[in-house]
Structure formats: structure tokens, C-alpha cells
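Reading through the C-alpha cells given below for one structure.
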Amino acid sequence: MFLAIALVLFSCFNLFCVPSLATARQVPLLTNEASALLKWKASLDKQSQSTLSTWAGSNPCNGWMGVSCSNRTATPEMVVTNITLDQSSLRGTLADLDALSLPNLEYLSLGYNSLFGSIPSNLGNLSQLRYLYMGHNNLTGEIPTELGMLRSLLILHLQSNELTGNIPNSIGNLTNLYDVWLNSNTLTGPIPSGIENLLNIEQLDLSSNFFTGVIPSFIGNFSSLYYLYLSGNQLSGSIPLEIVGAWDIMVLQIGKNQISGTIPVSFRNFSQLENLYLSENYLSGYIPDYFANYTHLTKLHLADNQFSGFIPPELGKKTTLVQLSLFMNQLRGSLPQDMNLTKMEVFLVNDNMLIGSLPQQICASGLLKSFGASNNSFSGPVPKSLKNCSSLSRVRLERNQLTGNISEDFGIYPNLDYIDLSYNKIYGEVSSSWGLCSNLTSLKMSNNNLSGKIPSELGGATRLNVLDLSSNHLVGDIPKSFGRLSSVGKLNLDNNKLSGTIPSELGKMYNLEILNLAKNSLAGPINENLGECFKLRSLNLSNNKFEGVIPVQISMLDKLESLDLGANNLIGKLPPQLGGLKIVQLLNLSHNNLTGSIPSSFTGMVSLTTVDVSYNQLEGPLPKIQAFEEAPMEALRNNKRLCGNHTGLDCPIQGRKQANEHVAQKVILVIFPILGCMLLLAFVIVGIFFYIRKRNPNDTNMTQEIEANLFTIWSYDGKMVYESIIEALENFDPKHIIGVGGYGTVYKAEMSTEVLAVKKLHAPQDGEMQDLKSFENEIRVLTKIRHQNIVKLYGFCSHPRHSFLVYEFLAGGSLKNVLNDMEQAVAFDWSKRVRVVKGIANALSYMHHDCSQPIIHRDLSSNNVLLDSDWVAHVSDFGTARLLKPDSSNWTSFAGTLGYIAPELACTMEVNEKCDVYSFGVLTLEVLMGKHPGDFISSSWYMNASLTKVLDQRLEPPVKPIVEQAKLLVEIAFACLNESPRSRPSMRDVAHGLPVEKHAAKRFNRMSL
């Protein structure tokens, strides 16, 4: 005992009284570790080295960023045991990281950086390593076999990289592993047999790779397995019966594969199951009735398979079920004859033909959030329990035969965001309670039997974006309170029995894009205040009783694409100002009492494709544009006397051609002598003018100086360029127009040496260009941009008559036009589309991250992406771009194209790079789908949609490996569409092709071990 006490006292003496001894023993170890870490730091880029500025000296335990030390031996030496540098913007390789000099390292965490290159095989020398996290980088190559030497390893995270090849079978040596994430790479081959040895595994994520073969039966041996993710691979065969051995499993996701067969009967033992995802496979047979016994089940996804038969009647009553997806199967609505049931109860069964009533107690527990039973043949009443289901956030019951009283069967929903009850047989009056749903953005009740007046209280739902009450039996006036709905972009009240006039308050709906009041009994003049809804793209007031003239203010709606005023009692002449609607495509003025001629200014409607002016009192020549010249006779008939180059028109001018020729001969004899005298006088005046100018050269110099300043930001003679452009475009003659956008008209200028695209800006309306000096400074920066995926901006001209931007000309035209043209869209194959999306991502990444001052585009859309003859994408139209100032709030006036604008801009108007990221997500889906995604932009759609049915149907389905790239692009697109700007990836990450980690929130965090 005495000897033991002596030894303890001696140790304490050495530790406290003789620190130099401990230090002497410690220095060699720390010096080696410091040298190894400093060598790796030196191999990184300069920005990374700046980030690791605290890495200096010979003692890494003394305040080095991300480095932790501990005393893990019997001696008092401190050694490096933890390196944690997640999200540190590191860029470089791991080749110079000397693992042999870090023998005591237990934690190595380098996730969410920009590391590239291969994983060094010498990491296998880290014998003490328990945690290895290098997810979300740009690592390539194969997983080294030597990682099988890390026998102390508990957690292995290599997800979201670009790793290739097979999983090494040596992974089976890591028998202590309980957490493995290898998802979102390009790994191939079968799931290796070595994984069978990981008996302690709790989480295994191999999703979003290219694994083939079958699901191994040995997974049933993993009695501790809680989470299994195998979705998004090429696995085939059936679900092994033995998988039930993992009886504690909580999340089982094997969707998006090629799995066939039926759901094993042994699944009945999964008593802890919370999330089952089997969608997008080839599974068949019946949906097991024992699913109703899963008391913990909250999400069940069986969509896009070949299931047949009926839905288990008890399934809809499971109160813990939050989400159920069964669409795109072969389910039938009839009940088996041996079942003694009077009705069928089903829940969330989209796109089938099931007959029966919905369960009345579907929300008895008050937990239901998403309830969808659309596109079926459900009949009977709306479930009574929905009235008090305050947890609801999304309801889709459209396109059924449901009945019920709209004012009695629904209540107040504080969390409700979206509800669609359209195309049913619901009756009653619209309740005022809908105005109390403070988070409601979409309210759709069209094609029902609703009656009564529209309650004025509906104006209280101020977050509404879409309000559709069309095709009902509503009466009375349009509420003036709608003026409070400033966020509404789509208002459909057509095909009702509304009366009265258009309230002036509708002019306050500044975000209104689509207004349809057709097929009602509205009367009086068309309210001039509609001209203040500057974002209107479609205005339909047809089939009413409107009187008076067409308001000139309609011509202020320069974003109009469709204008329908047909079948009213309008009188008077057509306002010439309507010719300024440059992008209108449909114009219907038929069945009115309009008089006079069609103004010649209508030739400026260069986008017009469909026109109807029949049944009026119009006369005179038709505008010389294709829409009028090729219009069917039905669109021109029953007018007073229209003439023009159109087959079928009786043109009196042609009938009097010979008589006019005789008159012309007499006129010539009189006119020619007069013209001769006038010409002589003109020569005299010109001579005097040049004589005066010669004697006053200062006037000429002043004029030249003014004109030269037009292009002060150009690197060459601005005056010469300006004059050449004006000459080439013949003073902006409409025949040179090649496109029209929301901010200007684009002309093709064929110069002597090159071809330019000239965008003549519309007159400013919102003060964007009041500070011209500031705007020119920004243009100066933009002219310095040089990137293969960005259109070259040569300069900007400011002039009292003409303000325009000058770009390089690209022969391929806009992406929008390519997608809208059948022939070009077919030529625009999948490989070209993937390349175009990548090009756009590279352009935005360059603008956001590689310019001296980040540049935000603000108006990214398919109309502002141009293609060259080689199908290379070029981002264009920086007329609304802003330089992002690091020390500024970057608040701005509203800009952008509706349908591409980030949702936060409607509230904060604060511009940052994540606004462009959102627009990129929309644009990516548009390229893949061949059309604007519209209502498909929702997370629920993403979880349930079949990729092959979403992709552009004009093309043959993509084959490997393009189909996998398309899947990846869809994942990236929806990450970009995240409602929270902070949760969206950066364009640098997108450009590097980083997939999205879908399940991070559901996994354990064991970093503290």
C-alpha cells in the first residue's frame, strides 16, 4: 500500500512540479503532427490557407482552428485526436495529408467543402479513427480497399460525392460500424457480401447510386437496423422474405428501382415501421390489409407500381397516418363479393378509378396534415371530421363526385396552405370562414354547385395567390374587399351569375397575372383601374354586358399575352395605343359594336398569333401582319368593309383599280411641275445650311461631343457605333424585331463586320433607371464579364429617344422558343438538355462566386437563355441585374418574370444570390418537362411523381446514363426550390453537381461519441 501511494505522489510531482519533463516528452509528438497538418494546409488553395490562418507554429493544440487534443495515454502527453473542419470552404486534395503522422486521430470531419481528387489509401493507417466524415465534397475515384483496416470505425460518411466503382468487400472488416452513408454517388455493381458482417449496423444508406442485382437477404440479419435507404438504384428481383428479420426497422425506402413481385406476407411483423417507400417499382398484387396494424406508420408510399384489387377498408381510419400515396396503380373500386361492406373507404388514392365514400373519421385524432384523394370517382359526403381538423395544411379532393355543404362541412384552418375541391358536386354558399385561414395561398372550388354571394370576408385571406371560384352559380357583386388581396396572381370568377360593375379596388391587385371574369352578367364600363395591374398576362372579360369604349389604360398592360373582350356591348373606335401591346398573342374583340378602322399601329403586335374581330362595324385595311393576313374568314366576317391581302375579303379598292388609273394619269400632269419647283427650292435651302455650318464649326463639335458621350462606357468610338446601329436597324424598323420581352424589344442589327442583338428598353415605369449614373457604372462591370455561358454585353446607350443594350447575336434563339417549337424541341434531345442546364449553372456560379463583386441576375427565365448553333446555353438580359454589395441590404424594386420569382421577394424585396437559385430550379424543371412546371412545384409532387411521366413526352424516354443525370437534376431543382432561401444550395455547389441529401433530418447524430 505504501509503495502504491509513493508512486502516485511521484507521478504528481513529475506532472506539477517538473513541467519541463512533460513538455520535453510532448514536443516531438506535437511537432510531427504540426508538420503533417501544415504540409496539407500548404497544398490547399490560397483562400483555404487564409481560412486556416491559425495553423501556425509547432503546437496544434494551441488554438488551431478545428483541431482538438486530448490525453488518451497513461502518460501526460497531449496528442491531436480530433480534426473538425466542416463547412470551412476548403478547396484542394487530400493527397498531402500524412495519416502516418496522426496515429492518435479519432475524429476526421471534412464535410461540406470543395475537396476533390481521390480518397488517399493511407487513411487506412488511422488505426484509432472512429468517425470519418467527408460527405458533400467533389471526391472522385473508387473507395480505397485500405479503409477496411479502420477496425475502430463507428461512422462512415462519404455521401454526395462523385465516387465510382464498387463498394470494396473489405468494408466487412469494420464490424463496429453502425452508421454508413454512401448515398448520392455513382457507385456501381451489386451490394457486396462483406456488408453481411456489419451486424451492429443501425443506418445504411446506399440510395441514389447505380447498384444492380438483388436486395441481399442477409439484411434480415441486421437486428439493430432502424433506417434502410436503397431507393434510386437499379435493383431488381423481389423483396426477400428474410428482410423481416430487421424487425425493429423504422424507415424502409426501396423505391425507384426495378423491384417486382408482391409485398411479402412477413411484412406484417414490422410493428415499429414509420415510413415505407416502395413507389416507382414493378410491384403487383394486393395492398395487404395488415398495413392497418402499423400503429406507428405515418407515411406510406406505394405509388407508380402495378398493384391491383381494392384498398383495405380500415386503412383510411388509421389516425397516425399523415401521408399515403397510392396513385398510378391498377387498383379497382369494386369490393370483393365475400366482403359484407356497404361502402368503400379510401384515403389519398390519386389517379385511379375507385368508387366509394371517403372515411368520415379520417381526422378524428387531429393529426392529419396532407389529405389527397383527387382524380377518382369517390361519391358520398365530404368527411365530417375535416371540419375541426385544424392540423390540415394541404387538401386535394378535386375531380371526384363528392357531395356536401361547403358552408357546413369545412371550418377554420390556421395551417392550411392549399385546398382544391374543384370538379365535384359540392353545394351551398361560400363561408366567410375562409377569410380567417391566414396561411391560405390557393383556394380552388371551381366546377361545383356553389350558390349565393361571394363573402366580403374572403378579402381577409391576404396571402392568397390563387382564387378560383369559376363554373358555379354565384350571384351578386364582386367584393370590393378583393382590393386587399394584393398577393393574388390568378383570379378566376368566370362562368357564374355575377352582376354589377368591376370594382375600382381590383386595380390594387398589383400582382394579378390572370383575371378571368368571362360568362357572367357584369355591366357598365370596363374599369380604367385595371390598367394599374401591370403584371396582367391574361385578361378575359368576354360574354358579359360591358358598355362604352375600350379604355386606353388597357394599353398600359405591356405584359399582356391574351386579351379577350368578345361578346359585350362595346362601342367606339379601337384605341391606337393598343398597338403597343408587343407580346400579346391572342386578341378577341368579336361580337361588339366597334366602329372605324383597325389602327395601323396594330402592325406593332409582332407576337400576335390568334385574332378575332368578327361581328363589329369595322372598315378599312387590315394590318399588314401575319395574324390578320392568315386569320380564318370566321374571325373577320360580319364587319362593315374590311380590306386587305386576305383571301375571301371583298375589297372595293381592287374593284375600282382601272378607274383610279385614269385619275392618276391626270393627277401626274399637274403634280410633276409642282414637285420640280419644290425640289429646286430644297437644293437652295440645303446649300445655305451647309454654308452656315461651315462658318460655325462650334455647333458641329458640340453635337459630336453629345453623341460621342452616348457610348462613354465603350472601349471604342461610341458615336460611330451608335450611328451604325441606327442605320442598320433603319431607325428601329419593326421588320428587324426578333423578340419581345417584358423590359424591351430585341432587334437584329446586321453590321458591316458583325451581327449584333440590340435590346431597345421600354420606357421606365418604376424608377429603375432614374439614377442613370449608377446604372451605367453597373453596366461597366457587366461588360467585363467573359464566360462561355454568358452572352457578351458590349455596351449601353442612353439617349432621349433611344435607350438600348447591345449584345452578341446568337443564332439559336431563346430557350423558350426552342421548347415551344415542336421541330426544335425534338432536335433538343436529352444530352443537349442536360448540357444546357449545366451551362446555365456554370454561368450563375461564375456570376455569384467568381466575379470581383457578385452579380445577381434577378430575371432568369427560359426567355433569357439563348442558344448558339451548337446548342450551348448563354445567359442573357442583364437589364435588371444588380451587383451584390457585401455591406448593403440590397433592397430593390420588384423585377423578374412571374413563375420564376423566388417567393420571399414578394414579402421582403431583398435581393441575394438565392433568388437566382430559385429561378434556376424552375428553369431546370422547364427544360426537363418541355414546359413551365407550374403547379408541379411542390414537395409532394416530387415524392410521388414518376420521372418518365414528367419528362417531355415529345422525346423518347432517356436511356442510361442520361436518365440518372435527369433524376439528379430533378433532385437539384427541388433543392433550389426550397421555400427557405438559406436551405437552398449555392450555385457553386449546383455547378459541381452535388446531389441533395434527402434524409439528413431523419438520421442520428453521433458526433459526440
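This one's a predicted model, so the numbers in the text were calculated from it and none came from an experiment.
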Taking it one step at a time, do Val837 and Arg833 satisfy side chain to side chain contact (heavy atoms under 4.5 Å, CB included)? CA-CA 6 Å; Val837 172; Arg833 297 191 186 202; 5.7 Å; no

Taking only residues two or more places apart in sequence or in another chain, which ones pass salt bridge (Lys or Arg N to Asp or Glu O under 4.0 Å) with Glu274?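 Glu274 satisfies salt bridge (Lys or Arg N to Asp or Glu O under 4.0 Å) with no residue once adjacent residues are dropped.
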
Tell me, please, which residues at least two apart from Lys832 pass salt bridge (Lys or Arg N to Asp or Glu O under 4.0 Å).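 Asp829.
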
Using only atom types and a distance under 3.5 Å, with no angle test, would you say the side chain of [X] pairs donor to acceptor with the backbone of [Y]?
| X | Y | value |
| --- | --- | --- |
| Asn113 | Ser88 | yes |
| Trp40 | Thr93 | yes |
| Ser114 | Arg91 | no |
| Gln49 | Leu44 | yes |
| Glu33 | Val80 | yes |
| Arg984 | Asn978 | yes |
| Asn176 | Arg151 | yes |
| Asp96 | Ala42 | no |
| Lys914 | Pro981 | yes |
| Thr51 | Gln47 | yes |

Could you pull out all residues at least two apart from [X] that satisfy side-chain hydrogen bond (donor to acceptor under 3.5 Å, both in side chains)?
| X | result |
| --- | --- |
| Asn82 | Thr84 |
| His848 | Asp916 |
| Asp45 | Ser48 |
| Ser271 | none |

Donor-acceptor pair between [X] and [Y] side chains, under 3.5 angstrom:
| X | Y | result |
| --- | --- | --- |
| Ser170 | Thr145 | no |
| Asp179 | Gln203 | yes |
| Asn200 | Ser224 | no |
| His136 | Tyr112 | yes |

Nearest 0.5 Å, please: how far is [atom2] in [Y] from [atom1] in [X]?
| X | Y | atom1 | atom2 | value |
| --- | --- | --- | --- | --- |
| Leu97 | Leu123 | CG | CG | 6.5 Å |
| Leu177 | Asn197 | CG | CG | 11.0 Å |
| Ser223 | Ile249 | OG | CD1 | 12.0 Å |
| Ser217 | Glu242 | OG | CD | 4.5 Å |
| Arg835 | Asn789 | CZ | CG | 10.5 Å |
| Glu142 | Thr188 | CD | OG1 | 8.0 Å |

Which atom of [X] lies closest to which atom of [Y], heavy atoms considered:
| X | Y | answer |
| --- | --- | --- |
| Thr175 | Gly172 | CG2-O, 3.7 Å |
| Ile962 | Val834 | CG2-CG2, 4.3 Å |
| Ile119 | Leu163 | CD1-CD2, 4.1 Å |
| Asn209 | Leu182 | ND2-O, 3.1 Å |
| Asn233 | Ser207 | ND2-CA, 3.8 Å |
| Pro103 | Ser127 | O-OG, 4.3 Å |

Not counting sequence neighbours, which residues clear side chain to side chain contact (heavy atoms under 4.5 Å, CB included) with [X]? List them please.
| X | result |
| --- | --- |
| Asp98 | Ala36, Leu100, Ser101 |
| Gln234 | Phe210, Thr212, Gln258, Lys960, Glu964 |
| Asn122 | Ala99, Pro120, Asn125 |
| Asp248 | Tyr226, Gln272 |

Pick one: which of Leu156, Leu150, Leu147, Ile143 meets side-chain contact (heavy atoms from CB on, under 4.5 Å) with Ile171?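 Passing option: Leu156.
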
Here's a test for you: under side-chain contact (heavy atoms from CB on, under 4.5 Å), which of Leu158, Leu94, Leu90, Asn161 qualifies with Asn137? Asn161

Assess the residue pair Ile195 and Ile201 against the criterion (side chain to side chain contact (heavy atoms under 4.5 Å, CB included)); give the C-alpha distance rounded to whole Å, side-chain angles, the decisive distance to 0.1 Å, and a yes or no. CA-CA 9 Å; Ile195 290 183; Ile201 196 75; over 6 Å; no

Check against side chain to side chain contact (heavy atoms under 4.5 Å, CB included), Val251 and Leu228: CA-CA 6 Å; Val251 175; Leu228 176 63; over 6 Å; no

Results of ring pair (Phe, Tyr, Trp, His ring centres under 6.0 Å) for Phe270 - residues two or more places apart only: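 Applying ring pair (Phe, Tyr, Trp, His ring centres under 6.0 Å) to Phe270 gives Phe267.
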
How would you list, by chain and number, every residue that makes a ring pair (Phe, Tyr, Trp, His ring centres under 6.0 Å) with Trp55, sequence neighbours excluded? Trp64

Is the shortest side-chain heavy-atom distance between [X] and [Y] below 4.5 Å?
| X | Y | result |
| --- | --- | --- |
| Ile239 | Ile254 | yes |
| Ile259 | Ile215 | yes |
| Ser279 | Lys256 | no |
| Leu105 | Thr81 | no |

Given side-chain hydrogen bond (donor to acceptor under 3.5 Å, both in side chains), test Asn183 with Ser208 step by step and report yes or no. CA-CA 6 Å; Asn183 54 292; Ser208 299; over 6 Å; no

May I ask you to decide if the ring planes of Tyr133 and Tyr131 are parallel, tilted or perpendicular, using 30° and 60° as cut-offs?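 If you compare the ring of Tyr133 with that of Tyr131, the planes turn out perpendicular.
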
Yes or no on side chain to side chain contact (heavy atoms under 4.5 Å, CB included) for Leu85 and Met65, after CA distance, side-chain angles and deciding distance? CA-CA 8 Å; Leu85 294 170; Met65 173 184 170; 4.2 Å; yes

